[in-house]
Number of protein chains: 2
Amino acid sequence: MTIGQRIRQLREESGMKQRELAAKLDIGEGFLSKVENDQKLLKRDDLKKLSELFNVAHSDLETLWLANKVYDLIKDENQGLDALKVAEEQAKYSKGK
Amino acid sequence: MTIGQRIRQLREESGMKQRELAAKLDIGEGFLSKVENDQKLLKRDDLKKLSELFNVAHSDLETLWLANKVYDLIKDENQGLDALKVAEEQAKYSKGK
DNA sequence: TTACCTTTGACCAAATTTGGACAAGTATAG
DNA sequence: CTATACTTGTCCAAATTTGGTCAAAGGTAA
């Protein structure tokens, strides 16, 4: 699940229209639409608002948000998956420092 | 292994000094030093030069180069590893489209 | 039709990143 | 001490990304 999918899910579960949520986030509905379709990313600060609004863990939203950035980096790459593996190794390794 | 480590390895195996390789890449030695220490990234085009110069697979260098970008994105993040996993799922999923 | 949602494309200023240069500092060998 | 090799901090213009807006277009239900 992507961050956009998750946001749409939360919004729909709570019965809101895009326009309503957009207003709470202080953005236009067009922009929110793009966010839900993963064509744009919300800024990080807005994740806090979302977690409070929908009462979900902030860290979960951050994970999805970050994942989106990572995926964006590799989505059109041939070596994308390999690169992910390498990065993972580096992350694991440097954690034990 | 990071892209910087790999470049240093290739350079040393071929007995070059930083200054020499830097000249071939048309950059300063200071910049190359940072590249080898993963403080700066070479631009992508230079990978081609490297692969020809050292006769190694271009795709391998690209994988390491990309991995560096990915790692940069998550290295200071608490949810970094989780995000990597999520991104991996997305990559695998969308490959079968 | 009309009304209401959502999507999409074009555009943009502002913020950030990139890809370096340059000089000074460090390390080591002779 | 000197030379050679490498590292590091500061700075920067140019390129790219971010975070949007707005208007037009698409669906869809009544």
Side-chain angles (χ1 to χ4, degrees), chain A residues 2-51 53 61-62 64-77 80 83 87, chain B residues 2-51 53 61-62 64-77 80 83 87:
Chain A
T2 70
I3 180 72
Q5 286 166 0
R6 181 67 175 133
I7 291 173
R8 166 162 288 157
Q9 184 181 70
L10 289 169
R11 176 178 61 80
E12 288 180 341
E13 273 174 16
S14 79
M16 292 173 85
K17 305 296 178 188
Q18 282 186 348
R19 153 173 304 123
E20 302 179 67
L21 179 53
K24 300 210 186 206
L25 294 177
D26 207 37
I27 57 179
E29 56 182 332
F31 187 65
L32 180 56
S33 173
K34 286 173 188 171
V35 166
E36 291 189 351
N37 289 292
D38 294 309
Q39 288 160 29
K40 297 280 184 172
L41 251 197
L42 271 189
K43 58 182 173 184
R44 208 164 182 168
D45 286 0
D46 289 337
L47 297 182
K48 192 149 162 290
K49 295 189 201 167
L50 286 180
S51 66
L53 212 63
L61 295 182
E62 287 221 295
L64 290 177
W65 185 89
L66 244 190
N68 230 263
K69 290 219 137 193
V70 171
Y71 179 65
D72 243 48
L73 215 49
I74 61 147
K75 65 176 175 228
D76 299 321
E77 299 286 346
Chain B
T2 69
I3 180 72
Q5 287 166 0
R6 181 68 175 134
I7 291 172
R8 167 161 288 159
Q9 184 181 71
L10 290 169
R11 177 178 60 80
E12 288 179 342
E13 274 174 15
S14 79
M16 293 173 85
K17 305 295 178 188
Q18 280 187 349
R19 149 172 308 119
E20 302 179 65
L21 179 53
K24 302 211 185 204
L25 294 176
D26 208 37
I27 58 179
E29 57 181 333
F31 187 65
L32 180 55
S33 172
K34 286 175 186 171
V35 166
E36 291 189 352
N37 289 292
D38 294 310
Q39 286 159 31
K40 296 281 184 174
L41 252 197
L42 271 188
K43 57 183 173 184
R44 207 163 184 170
D45 286 359
D46 290 336
L47 297 181
K48 192 148 162 292
K49 295 190 200 165
L50 287 180
S51 67
L53 213 64
L61 295 182
E62 286 222 294
L64 290 177
W65 185 90
L66 244 191
N68 230 263
K69 290 218 136 193
V70 171
Y71 180 65
D72 243 49
L73 214 50
I74 62 147
K75 66 176 173 229
D76 299 322
E77 298 286 346

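Atom set for the values below is all heavy atoms of this structure, side chains included, hydrogens, waters and symmetry mates excluded. In the text below, chain A, chain B and the rest are named by the order of the sequence lines, each starting its count at 1.
- Between B:R11 and the phosphate of D:dA5, there is no side-chain N or O to OP1/OP2 separation shorter than 4.0 Å.
- Nucleotide D:dG20 holds its C1' atom 15 Å from the CD atom of A:Q18, rounded to whole Å.
- As rounded to whole Å, 12 Å separates atom C1' of C:dC5 from atom CG of A:L32.
- Regarding A:E12, its CD atom lies at a distance of 11 Å from the C1' atom of C:dC5, rounded to whole Å.
- If you take NZ of A:K17 and P of C:dA3, they are 17 Å apart, rounded to a whole angstrom.
- Counted within 6.0 Å of CZ on B:R44, heavy atoms from surrounding residues, nucleotides or ligands total more than 12; the atom is thus considered enclosed.
- The shortest side-chain heavy-atom distance between B:R8 and B:N37 falls under the 4.5 Å cut-off.
- The separation between B:N37 atom CG and D:dG9 atom P is 11 Å, rounded to whole Å.
- The only member of A:Q9, A:R11, A:R6, A:Q5 that meets side-chain hydrogen bond (donor to acceptor under 3.5 Å, both in side chains) when paired with A:E36 is A:R11.
- Crowding of B:K48 atom NZ: a count of heavy atoms from other residues, nucleotides or ligands under 6.0 Å not exceeding 12.
- Rounded to a whole Å, the CG atom of A:D38 is 12 Å from the P atom of C:dT8.
- Rounded to an integer number of Å, the gap from CG of B:L73 to P of D:dT16 is 19 Å.
- Between A:L21 and A:L50 there is a side-chain heavy-atom pair separated by less than 4.5 Å.
- A sub-4.0 Å separation between OP1 or OP2 of D:dT7 and a side-chain N or O of B:S33 is present.
- The side chain of A:R19 places no N or O atom within less than 4.0 Å of a non-bridging phosphate oxygen (OP1 or OP2) of C:dT6.
- With A:L41 as reference, A:I3 is the one residue of A:D72, A:I3, A:D46 to meet the side chain to side chain contact (heavy atoms under 4.5 Å, CB included) rule.
- Annotation: B:K49, atom NZ; neighbour count of heavy atoms from other residues, nucleotides and ligands within 6.0 Å is above 12.
- Contact check, A:Q39 against C:dT8: a side-chain N or O comes under 4.0 Å of OP1 or OP2.
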Under 3.5 Å, which protein N or O atoms sit close to an N or O of nucleotides 18-21 of chain C? Give each pair with its distance.
| unit_1 | atom_1 | unit_2 | atom_2 | d |
| --- | --- | --- | --- | --- |
| C:dT18 | OP1 | B:K69 | NZ | 3.3 |
| C:dG20 | O6 | B:K40 | NZ | 3.3 |
| C:dA21 | OP2 | B:G28 | N | 2.8 |
| C:dA21 | N6 | B:K34 | NZ | 3.1 |

